[in-house]
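First the structure, in the form of structure tokens, and then the observations on it.
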There are 2 protein chains.
Amino acid sequence: MLSNTEENYLKALLYLTTDEAGKKEAGTNDLAAHLGLKPATVNDMLKRLKEKAYVSYKKYGKITLTRAGRDIAVFVMRKHRLWETFLCEVLAFSWDEVHEVAEQLEHIQSDKLTERLDKFLNYPDYDPHGDPIPKPNGKMPPRATTLLSSVAIQQSCTVAAVKDTSSVFLQYLEQLSIGIGTKIRVMEKISFDGSVILQVGKEKITVSEKFANSLLVD
Amino acid sequence: MLSNTEENYLKALLYLTTDEAGKKEAGTNDLAAHLGLKPATVNDMLKRLKEKAYVSYKKYGKITLTRAGRDIAVFVMRKHRLWETFLCEVLAFSWDEVHEVAEQLEHIQSDKLTERLDKFLNYPDYDPHGDPIPKPNGKMPPRATTLLSSVAIQQSCTVAAVKDTSSVFLQYLEQLSIGIGTKIRVMEKISFDGSVILQVGKEKITVSEKFANSLLVD
DNA sequence: TATAAAAGTTAGATTAATCTAACTTTTATT
DNA sequence: AATAAAAGTTAGATTAATCTAACTTTTATA
């Protein structure tokens, strides 16, 4: 059985190599930066994970997850997202509060717990941030890929997911009454700085380019 | 913040010195036996816990929890019992399956989670084994103290708690359709071996002295 | 009360996870 | 292509948690 620490390395590797993070290859430094550790530390751990056949790489080369490693990482992600859903929907946490707690809960080892929790939540496909929850077989529901910034003028869309899960962003969304499922119409784009004017309910609001690049829509 | 390991030592000490375990003093060997560790290991840890002022003892003497140590142990117990209740009542675990999982969940650090869980469960006073759940202030609802074995012949009583939480015992109770709240009438006691004949619902059953010493009733 | 048994402690070793400092290899840039 | 920068590795140290083996103190008993 893997330690929490080992699980965290695999999860980080999954994240870094799944182009959520922008790129597809991961090196020692990327991992170290992502985990807040020193490259030397990561190097040591990678040796052990390679030994145990959870990762694959050659000296000075890029690191990839093996099938076994990816399966574990996906399962940890499944637990993380189920717990986030539980915290929001059942215990009324707000979506900016769930992450840290889910970071702990994702390491609880009990298949029965995971499956019962899934059932209790009625087998959700997406977590409170709109991220897909892997199924027990490792398959993932489709992830929204359209950025709000790429929606044409006068088009309407529905918020499907957030690309940025930082508290500041989530609280800002809260303040604007925007959440998963909110209908948005793009009214105007300012070419000067990429700002976008949106219709949200009866309100007309202006948001930055950075904002429009942080929301995924259907 | 304490490690899971440190929390487990404090919890064990609380258990051993709260006469649930029969006695009120705990030594290195008792702790080692209870935790499945070697006395030398426990000795080392006790030094650190003393350093941090969670326990108090003098060399070769008996160990007691300080106020701070007891507060932490009680809080861990609170979390353990709330999670057991959650697993049974919400996720339909049977009462012999919850312990191991609760052993993991009890270490999750989030006051908000604990309080929200308590609220969601409607502030239960007792867990699925009939053990009192400490309140946020550390106070405990009263614990049943009457053993089934001490109930007089022809008296009726209600099962309040189990003294033994081993799977074998809990599954046996399940098989006999006895749970917390079950009404029992003591029909006869066999002086030869301490066996007791009980009326449970419409059934008349005979149980051992050991059994009658493992159930607490009101 | 002397002494054997039980309880508790110390010393030294091991493993996991981390660090810093120094070194090597790869890559990117002039 | 030479060389500077970035990336990756190694060596040696530290801390937490565990062990075994040997030793000391307390307690129980003959």
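The structure presented is a predicted model; accordingly, all values stated were derived computationally and were not measured.
Neither side chain, Gln104(B) nor Trp83(B), offers a donor N or O lying under 3.5 Å from an acceptor on the other. Checked by atom type, the side-chain pair Asp127(A)/His80(A) shows no donor-acceptor distance below 3.5 Å.
Residue Tyr60(A) has its side chain nearest to dT24(C) when only dT24(C), dA17(C), dT20(D) are considered. Considering only the side chain of Lys62(A), dG8(D) comes nearest among dA7(C), dA17(D), dG8(D). For Leu37(B), the side-chain atoms get nearest to dT18(D) when compared with the rest of dA17(C), dT18(D), dA11(C). Side-chain atoms of Asn29(B) lie closest to dG8(C) of the nucleotides dA7(D), dT18(C), dG8(C). Looking at the side chain of Ala40(A), the nearest of the listed nucleotides dA17(D), dA11(D), dC19(D) is dA11(D). Nearest nucleotide to the Asp44(B) side chain, out of dC19(D), dT9(D), dG8(C): dC19(D).
By the 4.0 Å N-to-carboxylate-O rule, Lys52(A) lies close enough to Glu6(A) to be salt-bridged with it. At a threshold of 4.0 Å, the pair Arg48(A)-Asp44(A) does not count as salt-bridged, since none of the basic side-chain nitrogens sits closer than that to a carboxylate oxygen. Salt-bridge formation is not detected for the pair Glu106(A)/Arg78(A): no Lys NZ or Arg NE/NH1/NH2 atom is positioned less than 4.0 Å from an Asp or Glu carboxylate oxygen.
Between Glu6(A) atom CD and dT15(C) atom C1' the separation is 12 Å, expressed in whole Å. Atom C1' of nucleotide dA16(C) and atom CE of Met1(A) are separated by 15 Å, given to the nearest angstrom. Glu25(B) has its CD atom 10 Å from the P atom of dT27(D), to the nearest Å. Distance, Leu31(A) CG to dA7(D) C1': 13 Å, rounded to whole Å. When rounded to the nearest whole Å, the span between CE of Met45(A) and C1' of dT15(C) equals 12 Å. Atom pair Lys38(B):NZ and dG12(C):C1' shows a separation of 17 Å (rounding to whole Å applied). Atoms CG (Leu2(B)) and P (dA16(D)) sit 12 Å apart, rounded to a whole Å. Remark: P of dG8(D) and CD1 of Ile63(A) are 7 Å apart, rounded to the nearest angstrom.
In this structure, Tyr126(A) and Asp131(A) have side chains that are not in contact, with every pair of non-hydrogen atoms separated by 4.5 Å or more.
Within the 4.0 Å cut-off from OP1 or OP2 of dC19(D), at least one side-chain nitrogen or oxygen of Thr41(B) is found. Residue Asn43(A) has no polar side-chain atom (N or O) positioned under 4.0 Å from OP1 or OP2 of dG8(D). Between Ser3(A) and dA17(C), a side-chain N or O to OP1/OP2 separation shorter than 4.0 Å is present. Within the 4.0 Å cut-off from OP1 or OP2 of dT9(C), at least one side-chain nitrogen or oxygen of Thr28(B) is found.
Minimum interatomic distance between Ala212(B) and Val196(B) (heavy atoms only, all atoms of both residues): CB-CG2, 3.9 Å.
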Full working for side chain to side chain contact (heavy atoms under 4.5 Å, CB included) between Lys79(B) and Leu105(B): CA-CA 8 Å; Lys79(B) 290 189 283 181; Leu105(B) 287 162; over 6 Å; no

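With sequence neighbours excluded, the residues forming a side-chain hydrogen bond (donor to acceptor under 3.5 Å, both in side chains) with Lys135(A) are Asp125(A), listed by chain and number.
If you check residues 47-59 of chain A against DNA chain C, the residues with a heavy atom closer than 4.0 Å are Arg48(A), listed by number.
Open room surrounds NZ on Lys38(A); 12 or fewer heavy atoms of other groups in view lie less than 6.0 Å from it.
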Secondary-structure string, 5' to 3', Watson-Crick or G-U under 3.5 Å, | for another-strand partners, for DNA chain C: ||||||||||||||||||||||||||||||

